[in-house]
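Just so it is clear: chains get the letters A, B, ... in the order the sequence lines come, proteins before strands, and each one is counted from 1.
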Amino acid sequence: MPQFEVEARAFERRRAELAEHFEGQFAVFDGERLVGIWPELGEATLGAARSLDRSAFFLRAVSREPEVLRVLGRTVVL
Amino acid sequence: MTSLSGRIERRVCMVRLRVGTPDGWARGLTDSSSRDGPQPRHVDLDAVIDTGAMVSAIPATVLEALGCPAFGAVSFQSVIGPHDTGSQVVGSYAARLTLPGLVDLKWVQVLGVQLDTALLGMDVLEHLVLELDGPGETFTLRRPAATEATP
């Protein structure tokens, strides 16, 4: 399972800036590079797959704060 | 079919969930991991109705076998208590989740977990009406009245 640690750090650095204009949309990073932002999950996934020519990449919903999800009695931070 | 009824077994409500590759996604079938032969586009598996899960969780082996797009690891943080500092990571994927006749979500972000059964979370349940008869040990899932006419 890819970890995408570089991408995760790049996303966190730019989270506030992206949320200013694109909250609720989906951002894809490749390394430090922002590949693109799409309004829907499907568009983002298909667009990123075409751009990067692979089926695994770093994708996150843009939000001002990390989204905290609860599953299995635990929380998941996206 | 506009409703699905079942029995509560050992305090668990279980349904058959169809998990597939998202709508329009065919890359998984051509990845190197899928060159051994034709791969299924969807599988049916047991899923526990879990109103405590904000998102659905699917066995990671199923998502990988289907070739669902993967978005990398996300971290688990325990809510058990401040002294439980252990953390885990799980994969985040996109999938198509279907309860035939009830709901068909073509793009859903799900978690890939090390479980034998799936957890049907609120991302799917929020589209349905869930009736639970504890003493009678039965449950029913149905579409809300406003969408009854939708095929």
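- Ionic pairing of B/R18 and B/D44 is present here: one or more N-O contacts between side-chain nitrogen and carboxylate oxygen are shorter than 4.0 angstrom.
- Between B/L132 and B/I8, some side-chain heavy-atom pair lies under the 4.5 Å cut-off.
- Within residues 16-44 of chain A, the residues that have a heavy atom under 4.5 Å from a heavy atom of chain B are A/F26, A/L41, A/G42, listed by number.
- Atom OG1 of B/T117 and atom CD1 of B/I58 lie 9.5 Å apart (nearest 0.5 Å).
- Figure legend: cation-pi geometry between A/R60 and A/F58, with NZ or CZ positioned under 6.0 Å from the six-membered ring centre and within 45° of its axis.
- The shortest heavy-atom contact between B/G72 and A/F4 is CA-CD1, 3.5 Å.
- B/P69 touches chain A through backbone and side chain together, each having a heavy atom under 4.5 Å away.
- B/F139 has its side chain out of reach of B/R7: every pair of non-hydrogen atoms, C-beta onward, lies at least 4.5 Å apart.
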